[in-house]
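Right, one structure below, let's go through it.
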There are 2 protein chains.
Amino acid sequence: MTYSISEVAKKLNLTVYTLRYYDKEGLMPFVERTPNGTRLFKESDIDALNVIECLKSTGMPIKEIKKFIDWCSDGDSTLQKRYDMFLERKAVAEAQLEELKKTMELINHKCEYYKTAVDAGTEDIHKTNKIGNF
Amino acid sequence: MTYSISEVAKKLNLTVYTLRYYDKEGLMPFVERTPNGTRLFKESDIDALNVIECLKSTGMPIKEIKKFIDWCSDGDSTLQKRYDMFLERKAVAEAQLEELKKTMELINHKCEYYKTAVDAGTEDIHKTNKIGNF
DNA sequence: TGTTGACCTAGAGTTAACTATAGGGTTTAT
DNA sequence: ATAAACCCTATAGTTAACTCTAGGTCAACA
């Protein structure tokens with residue numbers, strides 16, 4: 001079973017422009033073509049694109065992701081590099097989690113703050129009571 | 001107690017360029033100046049900047065953040081809007097958390113995959129055993 | 001057979017968020 | 001009193017990641 005570029009775009013919630021851009025940047029050297037040049041995506045290509053999206057979501061720039069893809073093409077000699085890279089990504093993701101927790105705390109606090117203020121019809125309720133303005 | 005722009009930059013881990021850029025974009029209408037134009041940051045300004053950083057970390061663009069700041073200046077008539085905005089941000093942050101969990105799962109899986117492969121000296125150990133290549 | 005709708009490339013354009021430069025003022029330490 | 005170390009504005013430049021356009025190929029359907 002293979003997929004066209006627009007099918008893959010739909011599946012991964014990307015545009016065909018974005019997929020072609022990724023290909024141009026060297027992120028998809030594994031995707032095969034029909035004799036006339038049309039891309040044919042295999043199941044494993046979609047798995048690889050999921051990994052790419054995963055790396056991107058940790059804030060990894062496309063040029064770094066390309067390095068990883070190149071290492072994959074280079075075979076077993078790059079295994080350690082690839083392992084180290086994922087360990088680093090794990091650390092980044094964990095830091096993001098910590099950051100996100102703090103963000104959620106502040107947002108929850110703000111939700112409380114504004115709920116009280118909306119109910120009171122004025123923000124003064126906080127100013128007079130010193131529950132923290134910002 | 002007040003702070004200079006470079007002190008605030010250090011505190012918030014931003015550059016002075018970034019702070020001046022935020023000011024230019026209307027994110028800091030509350031910051032006062034000395035007679036000759038130098039910005040003087042109060043404690044409450046730093047609190048506000050923390051909120052701005054919090055919103056930014058949920059992916060909110062600066063123009064949207066400016067809207068919120070404007071609402072703050074507009075007073076009690078915008079309380080509901082501000083409340084709704086934080087509820088929406090809360091939903092976004094929760095979605096980000098879900099996304100991040102999935103990301104971490106994939107990364108952990110990959111860490112396992114590469115640990116095994118590095119130990120074996122080859123990636124073939126997975127190809128033959130079908131533990132999932134990507 | 002001809003037109004619709006996919007696909008393709010090359011390359012230009014866009015956008016957000018900085019980041020830096022030029023040119024100038026003020027305060028502080030020697 | 002002069003140089004270092006801040007501060008300022010206005011404006012230009014950068015970068016990443018798309019996003020789009022122009023111009024063209026190809027397969028299927030009416």
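The sequence lines fix the lettering, A, B, ..., with proteins before strands; numbering per chain opens at 1.
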Checklist outcome for this item: Whole-Å distance, A/L40 CG to D/dA27 P, equals 13 Å
Checklist entry - Choosing from D/dA17, D/dA27, C/dT9, which nucleotide comes nearest the side chain of A/P61? => result D/dA17
Checklist outcome for this item: To the nearest angstrom, the OH-C1' distance between A/Y17 and D/dA16 comes to 19 Å
Next on the checklist: By nearest atom, which of the nucleotides C/dT27, C/dC7, D/dA17 is closest to the A/S4 side chain?
Outcome noted: C/dC7
Checklist entry - Do B/T2 and B/D45 touch side chain to side chain, with heavy atoms closer than 4.5 Å? => result no
Checklist entry - Can you find a side chain N or O atom of B/R20 that sits less than 4.0 Å from OP1 or OP2 on D/dC8? => result yes
Checklist entry - Quick one: do the B/E112 and B/N108 side chains pair a donor with an acceptor below 3.5 Å? => result no
Item to check | Ring geometry between A/F86 and A/F68 (parallel below 30°, tilted from 30 to 60°, perpendicular above 60°) | outcome: perpendicular
Next on the checklist: I need the CD-C1' distance between A/E32 and C/dC7, as an integer number of Å.
Outcome noted: 17 Å
Checklist entry - Is a side-chain donor-acceptor pair under 3.5 Å present for A/E43 with A/Y3? => result yes
Checklist entry - Roughly, in whole Å, what's the span from CG in B/L14 to C1' in C/dA17? => result 12 Å
Checklist entry - Taking the side chain of A/I62 as its heavy atoms from C-beta onward, which of D/dC18, C/dC7, D/dT9 lies nearest to it? => result D/dC18
Checklist entry - Looking at B/Y22, does any N or O in its side chain come under 4.0 Å of the phosphate oxygens OP1/OP2 on C/dA17? => result no
Checklist entry - Just how far, in rounded Å, is P of C/dC18 from CD1 of B/I52? => result 12 Å
Checklist outcome for this item: Rounded to whole Å, the CZ-C1' distance (A/R33 to C/dA6) equals 15 Å
Checklist entry - Given atom CD of B/E64 and atom C1' of C/dT15, what is their separation to the nearest angstrom? => result 15 Å
Checklist outcome for this item: 5'-most contact on DNA chain D (nearest-nucleotide basis), A/Y21 vs B/V16, goes to B/V16
Item to check | Minimum-distance nucleotide (side-chain atoms of A/K63 versus C/dA16, C/dT9, D/dA16) | outcome: D/dA16
Next on the checklist: Please report the distance, rounded to the nearest Å, between CG in B/N36 and P in C/dT27.
Outcome noted: 6 Å
Checklist entry - Below 4.0 angstrom from OP1 or OP2 of D/dC7, is there any side-chain N or O of B/S6? => result yes
Next on the checklist: With a cut-off of less than 4.0 Å, is there a side-chain N or O of A/R39 near OP1 or OP2 of C/dC8?
Outcome noted: yes
Checklist entry - Ignoring hydrogens and angles, are the base of D/dT11 and the side chain of B/K24 linked by a donor-acceptor pair under 3.5 Å? => result yes
Item to check | Heavy-atom closest pair, residues A/C54 and B/L106 | outcome: CB-CD1, 3.9 Å
Next on the checklist: Does a side-chain N or O of B/K66 approach OP1 or OP2 of C/dA16 to a distance below 4.0 Å, or not?
Outcome noted: no
